[in-house]
There are 2 protein chains.
Amino acid sequence: MPGTKPHDHLIFLTNRVGRQLSRLLLEQMEFEGFLPQSTHMGLVADLVGNDGLRQQDLAISTIKDKGTVARALKQLESAGILMRKVDAEDRRQKLIRLTDKGNRLWQFAKCKAINTMETATLDIEPTEFDTCIDVLQRVYQNLHQQLSIPQTSNHE
Amino acid sequence: MPGTKPHDHLIFLTNRVGRQLSRLLLEQMEFEGFLPQSTHMGLVADLVGNDGLRQQDLAISTIKDKGTVARALKQLESAGILMRKVDAEDRRQKLIRLTDKGNRLWQFAKCKAINTMETATLDIEPTEFDTCIDVLQRVYQNLHQQLSIPQTSNHE
DNA sequence: GCAAACTAGTTGCGTTTGCAACGAATAACC
DNA sequence: GGTTATTCGTTGCAAACGCAACTAGTTTGC
């Protein structure tokens, strides 16, 4: 993938760097007898500091199927990482909250990520890196609206 | 995923933006009766302008298992997108080359990507975007070496 | 030259994933 | 108030993935 037109390559770069980082981090991530996987950590990342999210919210923010999210959450629940409680005001939905173990898992992950992120960003200026994160966050936001609207404009 | 510490979030941002872009692009990508998927396009992207790559090379650059690559390439071959020819000098390996249809598929994908990338980068300065691509490419390179060496330093 | 070590690609197997259909609970409409 | 739509979560199913075992071809070392 030599440097040609950048625009067409964001999709491949993000997917590949994402897989690289996931692999390198997950192979270090045995935590109290639990071996999390990429989907698990993506969910935990959203739940840190955000009690009371619904499964649907997590499916949208992680860009994963709600069935996939349901199964991953069930695994995380039986591993003691989080709790799911049926909402009393709307008994269709379940409110999700990290347990203490879940918060410790997150701290553990952040700790393990340090070395990998250092080698990943060896020759990169902090300002450049911040710009990269900022751009990705805005791309994420821009496309978020696009994906949240399954069918609207051209339904005829 | 509100804006907290950026370093820990590159992994989630890349994975999510990658999935967003893959979804939005693939749903427009019916091409001459063939519906490519994310793995297919990742391989095609590497093969454009690069005749004679081996399956192993593609597995390393796309960060995918060689079995997965083998199966995806078989599908692409039977769809007429590429050809695999056993190397006469080393009959273990197969040299891969895009067909005319494969190159047309790539042009088609680039064409379809324009609109999506426009909305994705609406509020982003071109220089910022270039910096983002540049940083991602360097991260990719930095981690590439890390992954290509399965066991070396601490094998004791 | 021949056996051992290694490499490239294929295949089997269990897990994960997305899609679609379903059931339960709420909202909207008349 | 009761019927119809919608929404949230679960589950069945087929496809895709990673891992490991395997085959075939090549290289190394004696």
Side-chain angles (χ1 to χ4, degrees), chain A residues 15-16 18-20 22-24 26-27 29 34-43 52-79 82-96 147-152, chain B residues 15-16 18-20 22-27 29 34-43 52-79 82-96 147-151:
Chain A
N15 275 306
R16 291 178 190 192
R19 273 198 300 276
Q20 280 179 323
S22 295
R23 273 207 193 176
L24 289 170
L26 290 176
E27 71 187 10
M29 278 290 298
F34 177 62
L35 284 102
Q37 49 201 111
S38 182
T39 301
H40 295 145
M41 295 312 298
L43 294 169
L53 287 179
R54 304 170 307 151
Q55 303 193 184
Q56 187 77 7
D57 300 328
L58 290 166
I60 291 175
S61 61
T62 60
I63 332 277
K64 293 238 172 190
D65 181 72
K66 59 182 180 177
T68 302
V69 171
R71 281 180 273 247
L73 288 175
K74 184 152 66 170
Q75 294 167 343
L76 287 168
E77 189 177 34
S78 51
L82 52 83
M83 293 171 57
R84 293 189 290 175
K85 194 182 64 171
V86 174
D87 185 2
E89 301 185 0
D90 185 341
R91 305 216 314 283
R92 288 172 299 182
Q93 57 199 24
K94 299 184 175 178
L95 308 181
I96 303 166
L147 282 166
S148 305
I149 310 163
Q151 73 288 13
T152 332
Chain B
N15 275 307
R16 290 177 190 193
R19 274 198 299 276
Q20 280 178 325
S22 295
R23 272 205 194 177
L24 288 171
L25 292 176
L26 290 175
E27 71 187 8
M29 278 290 297
F34 177 63
L35 284 102
Q37 49 200 110
S38 181
T39 302
H40 294 145
M41 294 313 297
L43 295 169
L53 286 178
R54 304 170 307 152
Q55 303 193 184
Q56 186 76 8
D57 300 328
L58 291 167
I60 291 174
S61 62
T62 59
I63 333 275
K64 294 241 172 185
D65 181 72
K66 59 181 180 175
T68 301
V69 171
R71 280 180 273 248
L73 288 175
K74 185 153 64 171
Q75 294 167 342
L76 287 168
E77 188 178 33
S78 52
L82 51 83
M83 293 171 58
R84 294 190 289 175
K85 194 181 65 171
V86 175
D87 185 1
E89 301 184 359
D90 186 342
R91 305 217 314 283
R92 288 172 299 183
Q93 57 199 24
K94 299 183 175 180
L95 307 182
I96 303 166
L147 283 167
S148 305
I149 310 164
Q151 72 291 11

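Contact annotation: A/T39 reaches the phosphate of C/dT17 (side-chain N/O to OP1 or OP2, under 4.0 Å). Residue A/K64 places at least one side-chain N or O closer than 4.0 Å to OP1 or OP2 of C/dT17. Between A/T68 and C/dT16 there is no side-chain polar atom (N or O) within less than 4.0 angstrom of OP1 or OP2. One finds no side-chain N or O of A/R71 lying less than 4.0 angstrom from the OP1 or OP2 phosphate oxygen of C/dC19.
Heavy atoms of B/R84 sit under 4.0 angstrom from primed sugar atoms or phosphate atoms, though from no base atom.
The CG atom of A/L58 lies 12.5 Å from the OG1 atom of A/T68; values are rounded to the nearest 0.5 Å.
In the displayed structure, B/M29 atom CE is contacted under 6.0 Å by more than 12 heavy atoms of other residues, nucleotides or ligands.
Think of the region where chain B sits on DNA chain D: with heavy atoms and a 4.0 Å cut, that region ends 5' and 3' at D/dA16 to D/dT26.
For B/D65, the salt bridge (Lys or Arg N to Asp or Glu O under 4.0 Å) criterion is met by no residue, not counting sequence neighbours. Partners of B/A70 under the side-chain contact (heavy atoms from CB on, under 4.5 Å) rule, at least two apart in sequence or in another chain, are B/Q55. The side-chain contact (heavy atoms from CB on, under 4.5 Å) test applied to B/E27 returns B/L24, not counting sequence neighbours. In this structure, A/D87 has no salt bridge (Lys or Arg N to Asp or Glu O under 4.0 Å) partners at least two apart in sequence or on a different chain. Legend: residues meeting salt bridge (Lys or Arg N to Asp or Glu O under 4.0 Å) with B/R54, ordered by chain and number and at least two apart, are B/D57. Residues that satisfy the salt bridge (Lys or Arg N to Asp or Glu O under 4.0 Å) test with B/D90, not counting sequence neighbours, are B/R92. Under the rule for a side-chain contact (heavy atoms from CB on, under 4.5 Å), the partners of B/K74 that lie at least two apart in sequence or sit in another chain are B/R84.
Between the CG atom of A/L35 and the C1' atom of C/dT16 there is a distance of 15 Å, rounded to whole Å. The distance from atom CG of A/L73 to atom C1' of C/dT16 is 15 Å, rounded to the nearest whole Å. In this structure, CG of B/D57 is placed 13 Å from C1' of C/dG9, rounded to the nearest angstrom.
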Set out, line by line, the N/O atom pairs under 3.5 Å between protein and nucleotides 22-27 of chain C.
from	atom 1	to	atom 2	distance (Å)
C/dT26	OP1	A/R91	N	3.2

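Between A/D65 and B/Q56, the residue anchored closer to the 5' end of DNA chain C is B/Q56, taking for each the nucleotide with the nearest heavy atom.
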